[in-house]
Amino acid sequence: MLKELCVAALVLAGAAPAVIFADTPRQIEVVKNTRDNPTLYFSGVKNDLGVGQEVNNFLRACGWFDVVPDPKAQFQLAGSRDGDRIRFDLTQGGAPVGSWQAGAAGSDRAIAKNVVNAIIEKTFKDLKVKGFCASRIAFCAQTAPGVRNIYVCDIDGGNVEQITRFNTLCVEPCWFPDGRSIGYSKYGRTGIDVVQTTLNPRRSRVLSAFRGINAGAAISPDGRQLAVILSPDHQVDLYVMPVGSTRLTRLTRNIAVEASPCWSPDGSQLAYVSDETGSPRIYTVTVHDGSGRKRLPVIPGGRDAVTPDWSKDGKIVYATKVNGNYTIAVYDTRTGENKRATEAPGNWESPAWAADNRQVVCKRADGSGKSALYVVDTWTGKTRLLVATPYNLSMPVWSPCEEN
């Protein structure tokens, strides 16, 4: 794979500190036959251990470098603080690649996110989004029997924040395209509603409260439509409706149970799960009128197919049962390639794409049934633990980013 390494002038806007490149960089190209990451040695930030630790965390968490302890790595990154400025220098084999400065105002995490964003955005042509390190992951935590609430964390698993505080089930979180609010299914005494909660300020409103089930909410890429599973006539089917309206378009009508809708990148189709053949499989359908219905294939040996998520570059990630355990697989709607993404033991479930179209976050349950959250690199097959707590964690979803 060709990775273009080019560090150029950049000023990042927003509340976090700006990153400004100080020297004219030279252009570097790394040619590889496989999609391995380049190795990087980070020596820390002289005179600021806190920022150095956070930069190290986000270099590892971003998934685009392999951070190693060997100074003979392909690239070397060093930082130093002088008063209210922090300078970073990137070299390759001792030859300068580029230098830039960051303001030392703000939290260590905010500085680190901006620095690592600047590095990866100007290093990898395959990364087509801005602000990746500022994206967040929403998930469910079961804190008591019959009680689950929605939490969010940063991409390194830190900065965990509780979003909902109900003595009931709040499940199936989904992000709105602006990344500022989350939709989810909230169980009540008389039924299940779909609720939207904004993160700042914290406000909530009900999006869908029809009789019976209101579940599996998914927001269209333009933020205007809601895909939802409803049962107003005691059949569990797939519907779409404008956000803020009660006008429904029914896309399925059968005795099967539908679940887990997700939108295509252009908003013209939905993928969803149906058990009409006796076991759950993934189907696609056009949003306009429910036509063009198609069942998707599974990997060899896969028995079921559940919880799909559709990347912006046309890949559907899903969980499928192989030899009694769930594993993660990726189906490319453009090429028809269908491959397994996880090989490690355990049950790997509920995958959701990161904005980089490369990594997915998912739940992994071990032999004891305890579940934690992991990130899977679908290019390399590498996995990393994201969050583990005394509680069972599930249903993670990664927030969107601005396109680069």
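When reading the values below, keep in mind they use all heavy atoms of this one structure, side chains included, and skip hydrogens, waters and symmetry mates. Positions are given from 1 along the sequence.
Under the 6.0 Å distance and 45° angle rule, R250 does not count as a cation-pi partner of Y239. In this structure, K186 is positioned above the aromatic face of F166, its NZ or CZ under 6.0 Å from the six-membered ring centre and within 45° of the axis.
Taking 4.5 Å as the limit, some side-chain heavy atom of D66 sits within range of a side-chain heavy atom of K382. Contact of the L90 side chain with the L40 side chain is registered, since non-hydrogen atoms from C-beta on lie closer than 4.5 Å.
Under the rule for a side chain to side chain contact (heavy atoms under 4.5 Å, CB included), the partners of A354 that lie at least two apart in sequence or sit in another chain are F132, D356, Q359, W398. Listed by chain and residue number, T307, P396 satisfy the side chain to side chain contact (heavy atoms under 4.5 Å, CB included) test with S350 (two or more places apart in sequence, or in another chain). Every residue meeting the side chain to side chain contact (heavy atoms under 4.5 Å, CB included) condition with S368, not counting sequence neighbours, appears here in chain and number order: D366, K370. By the side chain to side chain contact (heavy atoms under 4.5 Å, CB included) test, N254 is found to be paired with D237, T252, A256, E258, E276, residues two or more places apart in sequence or in another chain being considered.
Minimum heavy-atom separation, Y318 to V306: CB-O, 3.5 Å. Smallest separation of non-hydrogen atoms from G216 and E172: N-OE1, 2.9 Å. Taking all atoms of both residues into account, the shortest heavy-atom contact from F124 to W64 is CZ-O, 3.0 Å.
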Please lay out, stage by stage, how D48 and K46 fare under the test salt bridge (Lys or Arg N to Asp or Glu O under 4.0 Å). CA-CA 6 Å; D48 200 323; K46 187 178 179 180; over 6 Å; no
Start with the C-alpha gap between T164 and N149, add the side-chain angles, then the distance that decides, and say whether side chain to side chain donor-acceptor pair (under 3.5 Å) holds. CA-CA 5 Å; T164 64; N149 276 294; 2.7 Å; yes
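Legend: salt bridge (charged side-chain N to carboxylate O under 4.0 Å, His left out) pairs involving residues 197-216, not counting sequence neighbours, sorted by first then second residue: E161-R202. Pairs of residues two or more places apart, or lying in two chains, that qualify as salt bridge (charged side-chain N to carboxylate O under 4.0 Å, His left out) and include a residue from residues 99-111 are E54-R109, R109-D154, R109-D156.
Looking at D377 and R358, a side-chain N of the basic residue comes within less than 4.0 Å of a carboxylate O on the acidic one, giving a salt bridge. With salt bridges taken as basic N to acidic carboxylate O contacts below 4.0 Å, none links K128 and D126.
In this structure, the ring of Y326 has its center no less than 6.0 angstrom from the ring center of W348.
A donor and an acceptor atom, one from each side chain of S399 and S135, are nowhere located under 3.5 Å apart.
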